[in-house]
Number of protein chains: 2
Amino acid sequence: MSVLCFCEFPVNGPGMQNSPFRNAAQREADRAEKREAVLRAAVRMFNERGFFATSLDDVAASLGISKRTIYHYLANKDQVLLECVTIGLQQLLRAAEEARAEPGTGRERLVKFLRRYVEINMDDFGICVTRTGEEALSRESLPRYRALKKEIDAAMRQMLNEAINDGSIAPIDIKITAFTLAGALNWPGRWYDPKGALTPTQISMAMVKVLMSGLDTRSE
Amino acid sequence: MSVLCFCEFPVNGPGMQNSPFRNAAQREADRAEKREAVLRAAVRMFNERGFFATSLDDVAASLGISKRTIYHYLANKDQVLLECVTIGLQQLLRAAEEARAEPGTGRERLVKFLRRYVEINMDDFGICVTRTGEEALSRESLPRYRALKKEIDAAMRQMLNEAINDGSIAPIDIKITAFTLAGALNWPGRWYDPKGALTPTQISMAMVKVLMSGLDTRSE
DNA sequence: AGCACAATACACTCATGAGTGCGTATTAAT
DNA sequence: ATTAATACGCACTCATGAGTGTATTGTGCT
């Protein structure tokens, strides 16, 4: 269920008593869960107030724990941010892989990807990616971040390429188009309001439609 | 020549000796020039390292002056940022006004505006607008900033509306389209590299073309 | 000459927030 | 029961950077 839960052994799963005494695997799961809770609390605050305006003291307070405890699960503030954006980027990457595995024309796969892309960008971790400038990351974290971004960009370009090759979209400039799409689809991270009238699904459908059709009148 | 020079009296203009003794108007112009220099230096650093990672000591050092001098021309760091983004936003606003004053169809005016919009977003002050999140501004500055943004958004929507009404573009959803365009056109502020292969003009032409035509194959 | 003010610097205060040393409690392993 | 390890908090250090009090110099005004 959770994006962050990588543990192999389900806590209190089948064949296990719901016991207050936890074995090694369960304790590891507990730890992962707490770590995730920290990241969730952090990313919400980062998105709301910005990374620099958020102190780890604030994050800790929102969880009713002390800052020292956060440092038990994460090395430093930089790592907190890196984990957050990595989760967001990995979701995007997974969306690309899933879309490319689908049947249909290149255009259909592309549309699937773009829609999912916008939706992820309206999710906590996705928002964090679009709102976080490179300045926020440390010199050490930057390469990982850039590498992931590059992978996503490459996936986008490849899908554009495939769609052009099978004739399902027009033969446009791939590089510029990829930037244009990315910009348009990242932007909701800045203005999307969960309490607003439009749902993420509505927004993603409408935006992708605009991008696919363009503004010009169709000649048919 | 300069965007920032609002002085009415040209320094050492016609009918004036180029004298080392400066009158009141000239001294005011000097002051404005220095103030502008501070803003320029600041905006470059903000764009390069980010607002929070830039100290006014750094900005001062880059100009060979002391931080105290900056405070002679600007009240505080918040005002430095507000001035920078205001300049950028005002350029966008002016672009909107100019485009709307042009002859031609709604589509032609819109295209003119969009092209100029991208170009401004690859300029120092424009970049600052797109890279600066609302978190960076103080509670007092935010209203001014938001008001300007809203004006630009309104101008964009009005132009879309006019173009739809005169039939020169397709009848699309104005709100979503405005967001989509803004996002796509703001994004270059994040990736544009003055030392890159593409010039701002090339980028703006290509991006606007993609947005107007869309990715779909045209039926004609 | 003498006053007023603009321009600029030096050196300071002060708050904030990242990261840490150490002490304590709870649980697991032997 | 004792030991080891994990979890957590309190209170601290320390750097950084925004903003200021005050002194100094230069220039225009009368």
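Residue numbers begin at 1 in each chain, while the letters A, B, ... track the order of the sequences. These figures come from a predicted structure and were not determined experimentally.
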C/dT8 OP1/OP2 closer than 4.0 Å to side-chain N/O of B/Tyr73: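 True: B/Tyr73 side-chain N/O within range (under 4.0 Å) of C/dT8 OP1/OP2.
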Distance below 4.0 Å between B/Arg31 side-chain N/O and C/dA6 OP1 or OP2: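 Checking C/dA6 against B/Arg31, no side-chain N or O comes under 4.0 Å of OP1 or OP2.
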How long is the line joining [atom1] of [X] and [atom2] of [N], in whole Å?
X: A/His72; N: C/dT24; atom1: NE2; atom2: P; value: 16 Å
X: A/Glu33; N: D/dT6; atom1: CD; atom2: P; value: 19 Å
X: B/Ile70; N: C/dA7; atom1: CD1; atom2: P; value: 15 Å
X: B/Asp78; N: D/dG19; atom1: CG; atom2: P; value: 8 Å
X: B/Tyr71; N: C/dA11; atom1: OH; atom2: P; value: 19 Å

Closest to the B/Asn76 side chain, choosing from D/dG19, D/dG9, D/dA7: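 The listed nucleotide nearest to B/Asn76's side chain is D/dG19.
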Candidates C/dG19, D/dA18, C/dG21 - which lies nearest the side chain of A/Arg68: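 Nearest listed nucleotide: C/dG21.
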B/Phe179 and A/Trp191 aromatic ring geometry - parallel, tilted or perpendicular at 30°/60° bounds: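 Ring orientation, 0 to 90° scale: parallel.
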B/Asp153 side chain reached by B/Arg157 side chain, heavy atoms, under 4.5 Å: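 Yes, their side chains come closer than 4.5 Å.
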Residues touching DNA chain D, which here means a heavy atom under 4.0 Å, drawn from residues 44-67 of chain A: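 Heavy-atom contacts with DNA chain D come from A/Gly64, A/Ile65, A/Ser66.
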Expected output: side-chain A/Asn47 to main-chain A/Val43 donor-acceptor under 3.5 Å: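 Between the backbone of A/Val43 and the side chain of A/Asn47 there is a qualifying donor-acceptor contact (under 3.5 Å).
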A/Lys112 side chain vs A/Glu98 backbone, donor-acceptor pair below 3.5 Å: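 Such a contact is absent between A/Lys112 side chain and A/Glu98 backbone.
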Ring-face cation of A/Arg139 near A/Tyr145 (centre distance under 6.0 Å, axis angle within 45°):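 No, a cation-pi geometry is absent between A/Arg139 and A/Tyr145.
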Derivation and outcome, side-chain hydrogen bond (donor to acceptor under 3.5 Å, both in side chains), residues A/Thr130 and A/Asn121: CA-CA 7 Å; A/Thr130 59; A/Asn121 277 332; 5.0 Å; no
